[in-house]
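Order of the sequence lines sets the chain letters (A, B, ...), proteins ahead of strands, with each chain counted from 1. From a predicted model like this one, the values you see are computed outputs, not experimental measurements.
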There are 2 protein chains.
Amino acid sequence: MAVTYREIKADILGRITRGDWKPGSLIPGELELAETYGAARATVNRAMRELAEDGIIERKRKSGSRVRLSPLRQARFDIPIVRREIEEQGAAYRYALVQSELVAAPDWVRARMGLAPGGKVRHLVCLHFADGAPYQHEDRWINLSVLPQARDADFATAGPNEWLVAQIPFSEAEISIAATAADAALSEHLACALGDPLLQIERSTRWKGQAVTFVRLVHHRGHRMTARY
Amino acid sequence: MAVTYREIKADILGRITRGDWKPGSLIPGELELAETYGAARATVNRAMRELAEDGIIERKRKSGSRVRLSPLRQARFDIPIVRREIEEQGAAYRYALVQSELVAAPDWVRARMGLAPGGKVRHLVCLHFADGAPYQHEDRWINLSVLPQARDADFATAGPNEWLVAQIPFSEAEISIAATAADAALSEHLACALGDPLLQIERSTRWKGQAVTFVRLVHHRGHRMTARY
DNA sequence: ATAGCCCTCAAGTCCAGACAAAAGGCCGTC
DNA sequence: GACGGCCTTTTGTCTGGACTTGAGGGCTAT
């Protein structure tokens, strides 16, 4: 049987972790590795390419591949739809619309979304509950010049997230995470004390260069995001 | 010139975002696509494979490839070494060791790291400054039964992170993000008010199944982590 | 019915060979 | 000595062909 790229990848990784090939040192070229493993160069290439994607090695034409000095640590977080996230925990999901209005975007939203002055947006405030307890507070702004349908859509029974996914399923987004203190509204909606530290995720989504929506998601007290790598 | 896998990937993605191929629908097979693009099947395969990795499509043998119902949203955050993170912002980096001790791990640390009762650890408290302003507070615990060298290492001038990378460059880790309130020590070290909301990252690292180190990184007030996808 | 077996189909992987592209190094000219 | 332009090395990608693997579907014997 032929040698698989997984075996090669695992073996190379083993040599690196065992210290045979130290950080900063040069790894044999693809041609040489192909010969030692008795595989085609394409196979070795795939193993090496994945190691580079994983941040283990660094590759450059002409110079060759070397083990990274300090391994590039990168964590992938899944950003699920809230409903799915809650249901996967085995909890009952409930949604509530708190506020809904059509307004000219306030300045800070305009800045975040890159809208023209006087740009109209649909502003929604929603709550997501897990087993009856408040789970997430959603403050969403939808650009009506890109999505005029949002003017008449009904968000009383289903969250805007699921509606948006149906409208523009694929888009680019920028996401940022920070800690914030509960203000009066948040403390009431999330059933926590004024000033409690809360995890806040902001996401702005664009499609064909135009801002579609900006959302600020504030989680219940004590929420944590976890990833492995 | 031959058709590149990037062109094919971009074209397929275009058809999906334009709505030619709707979420949930089946995409033509690799063989058919190879013919329409005039490329080899391996080339089409690479394009499709990457689309699957990006969470755009779902692939199954026998049944074929279909557009995901709701695109899997996942964000990749780079977790750089603090010093690098600060220097890349063009700020001057300064490190300070606040506390250093050899102790039996307290219960909560033992639980987090999965240590035996009475397990000895090196406990360090450090501060990282950017342009003189406190940037990050580091509360680190190192398992001495895995890394006995940590007993005598000197952390007065360089942070434990860089020392650890040299000892065990490659390891598995679990990372979790949450919001926390500044206690007395944090508010003093990070120059903020008592109770201020702060972004906290916890990371526990293991190597060959053994817990190596657990660290709690608390950032200065207002810090945010950003990613794009 | 139902458990077990085989066939088929589509993705997954591999190969040997070829050319492309980036990035060093070398050499000659000015 | 400085500046280009050429050569070489190494990774990056494409081809066309083959075999492998996993999952469905259907057939058969119990």
S.K.: Atom CG of Leu33(A) and atom C1' of dC15(C): how far apart are they, to the nearest Å?
M.R.: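 Going from CG in Leu33(A) over to C1' in dC15(C) covers 17 Å.
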S.K.: Taking protein heavy atoms under 4.0 Å as touching, what does nucleotides 9-14 of chain D look like 5' to 3' if B marks base contact, S marks sugar-phosphate-only contact and - marks none?
M.R.: BBBBBS
S.K.: In whole angstrom, what separates Glu35(B)'s CD from dT15(D)'s P?
M.R.: 14 Å
S.K.: For His219(A) and Gln136(A), work out which heavy atoms get closest and say how close.
M.R.: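 Between these two residues, the closest heavy atoms are NE2-NE2, 3.0 Å.
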S.K.: What is the separation between atom CD on Glu7(B) and atom C1' on dT15(D), rounded to the nearest whole Å?
M.R.: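 The answer, rounded to whole Å, is 16 Å.
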S.K.: Only pairs at least two apart or in different chains count here, so list each ring-ring contact (aromatic ring centres under 6.0 Å, His included) that has a residue in residues 50-93 of chain B.
M.R.: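 ring-ring contact (aromatic ring centres under 6.0 Å, His included) check on residues 50-93 of chain B returns Phe77(A)-Phe77(B), Tyr93(B)-His128(B).
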S.K.: Would you say CH2 of Trp163(A) has more than 12 non-hydrogen atoms from neighbouring residues, nucleotides or ligands within 6.0 angstrom?
M.R.: yes
S.K.: Decide whether Ser204(B) and Arg112(B) meet the rule of one side-chain donor and one side-chain acceptor closer than 3.5 Å.
M.R.: no
S.K.: Donor-acceptor pair, Arg224(B) side chain versus Ser176(A) backbone, under 3.5 Å?
M.R.: no
